[in-house]
Amino acid sequence: MTRVQDQNSDKNPQSTPESPWLEGLKTIGLSVVLALGIRTFVAEARYIPSGSMLPTLEINDRLIIDKLSYHFQSPHRGDIVVFSPTDTLKEQNFKDAFIKRVIGLPGDKVQVKGGRVYINDKPIQEKYIEDKPDYQYGPKTVPANQYLVLGDNRNNSYDSHYWGFVPRDRIIGRAIVRFWPLNRMGELDPDPLYPSSSSK
């Protein structure tokens, strides 16, 4: 008799339906966890608060930052990167992330003179800048595991020529896509800016 009762109870389990509110909260909770995981490890959205990257990036542009690829490769010359403030910038009370373009790679000798940037004594072609730089810099050699970054709006950018190099571990990721405004939506720098031989 007991055996039959057990079989019947297996066929008709007594369970109370879950509240729709509880199901909704679980769904929202899972969505938040996934979103935080993606933002922490894969990608995140950022906006441009200043004109230091004109004409490439305009104020209030919205970008997607790839945070994954630099776990497998090093930044390349020409990459637009987002980075946390360096120690020097922190001493100046900067707390928010910066966005600039990688110009000098570890071991490069960098100099700015005569309105041009020289890498290892050779001028680089820069089709993306607002104006030619009106300042002199260097020559300086980029230390190991650090990068020299400049804004595309060379004469209105607070960048490496003022405060120094960016350590590799401060780089958050690479800006890859502009998703707002819609009329300028698309990949950033879709064509290689420099011959592959110029990257280390």
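The shown structure was predicted, so the numbers you read here are calculated from the model rather than taken from an experiment. Hydrogens, waters and symmetry mates play no part in the numbers below; they use all other heavy atoms, side chains included.
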Basic-acidic side-chain contact under 4.0 Å: Arg116, Glu126 | no
Report yes if some heavy atom in the side chain of Val142 is under 4.5 Å from a heavy atom in the side chain of Leu105; otherwise report no.
-> no
For the side-chain contact (heavy atoms from CB on, under 4.5 Å) test, which of Ile64, Asp66, Ile65 pairs with Glu44?
-> Ile65
Just how far is it from atom CD1 of Ile129 to atom CE of Met53, taken to the nearest 0.5 Å?
-> 11.5 Å
Full working for side chain to side chain contact (heavy atoms under 4.5 Å, CB included) between Asn93 and Lys95 | CA-CA 6 Å; Asn93 294 319; Lys95 298 177 182 177; 5.7 Å; no
Under the ring pair (Phe, Tyr, Trp, His ring centres under 6.0 Å) rule, what pairs show up with a residue in residues 95-122, not counting sequence neighbours?
-> Phe83-Phe98, Phe94-Phe98
Using distance only, find each side-chain donor-acceptor pair of residues 165-174 under 3.5 Å and give its atom names and separation, not counting sequence neighbours.
residue	atom	partner	partner atom	Å
Arg168	NH2	Tyr70	O	2.5
Arg170	NH1	Pro85	O	2.5
Arg170	NH2	Asp87	OD1	2.7

Take Gln136 and Gln111 through the side chain to side chain contact (heavy atoms under 4.5 Å, CB included) test and state the conclusion after the steps.
-> CA-CA 8 Å; Gln136 308 293 311; Gln111 186 172 15; over 6 Å; no
State plainly whether one hydrophobic cluster holds both Tyr135 and Ile103, where clusters connect Ile, Leu, Val, Met, Phe, Trp and Tyr through side-chain heavy atoms under 4.5 angstrom apart.
-> yes
May I ask whether Leu63 and Leu54 are part of the same hydrophobic cluster, defined by side-chain heavy atoms of I, L, V, M, F, W, Y residues being less than 4.5 angstrom apart, directly or through others?
-> no
Inspect the surroundings of CZ in Phe179 and state if more than 12 heavy atoms from other residues, nucleotides or ligands are less than 6.0 Å away.
-> yes
Under 4.5 Å between side-chain heavy atoms, hopping through other hydrophobics if needed: is there a path connecting Val177 to Trp180?
-> yes
Applying side-chain contact (heavy atoms from CB on, under 4.5 Å), name anything that partners Thr88, two or more places apart in sequence or on another chain.
-> Thr86, Gln92, Trp163
Mind checking whether Leu150 and Ser157 have side chains closer than 4.5 Å, heavy atoms only?
-> no
Could you tell me the separation between the CG atom of Leu188 and the CD1 atom of Ile80, rounded to the nearest 0.5 Å?
-> 5.0 Å
Joint cluster assignment, Tyr128 & Val117, ILVMFWY side-chain distance < 4.5 Å = yes
Distance col, row Arg154:CZ vs His161:NE2, nearest 0.5 angstrom, shows 9.5 Å
side-chain contact (heavy atoms from CB on, under 4.5 Å) with Ile59: which residues, sequence neighbours excluded?
-> none
Is Asp121 salt-bridged to Lys109, cutoff N-O under 4.0 Å?
-> yes
Residue pair Arg184, Asp61: steps toward the side chain to side chain contact (heavy atoms under 4.5 Å, CB included) verdict = CA-CA 9 Å; Arg184 295 191 301 112; Asp61 278 359; 2.3 Å; yes
Hey, mind stepping through Leu57 and Ile99 against side chain to side chain contact (heavy atoms under 4.5 Å, CB included) and telling me if it holds?
-> CA-CA 10 Å; Leu57 302 174; Ile99 183 164; 3.8 Å; yes
Please round to the nearest 0.5 Å and tell me the distance separating atom NE2 of His76 and atom OG of Ser69.
-> 9.0 Å
Do Val112 and Leu148 sit in the same hydrophobic cluster, where Ile, Leu, Val, Met, Phe, Trp and Tyr count as joined when their side-chain heavy atoms come under 4.5 Å apart?
-> yes
Answer yes or no: is there an ion pair linking Lys100 with Asp159, defined by an N-O contact shorter than 4.0 Å?
-> no
Looking at residues at least two apart in the chain, or sitting in another chain, which of them share a side chain to side chain donor-acceptor pair (under 3.5 Å) with Ser160?
-> none
According to the side-chain hydrogen bond (donor to acceptor under 3.5 Å, both in side chains) rule, which pairs have a member within residues 140-153, sequence neighbours left out?
-> Thr56-Asp152, Arg101-Asp152
Are any of the side-chain nitrogens in Arg77 or Asp108 under 4.0 Å away from the carboxylate oxygens of its partner?
-> yes
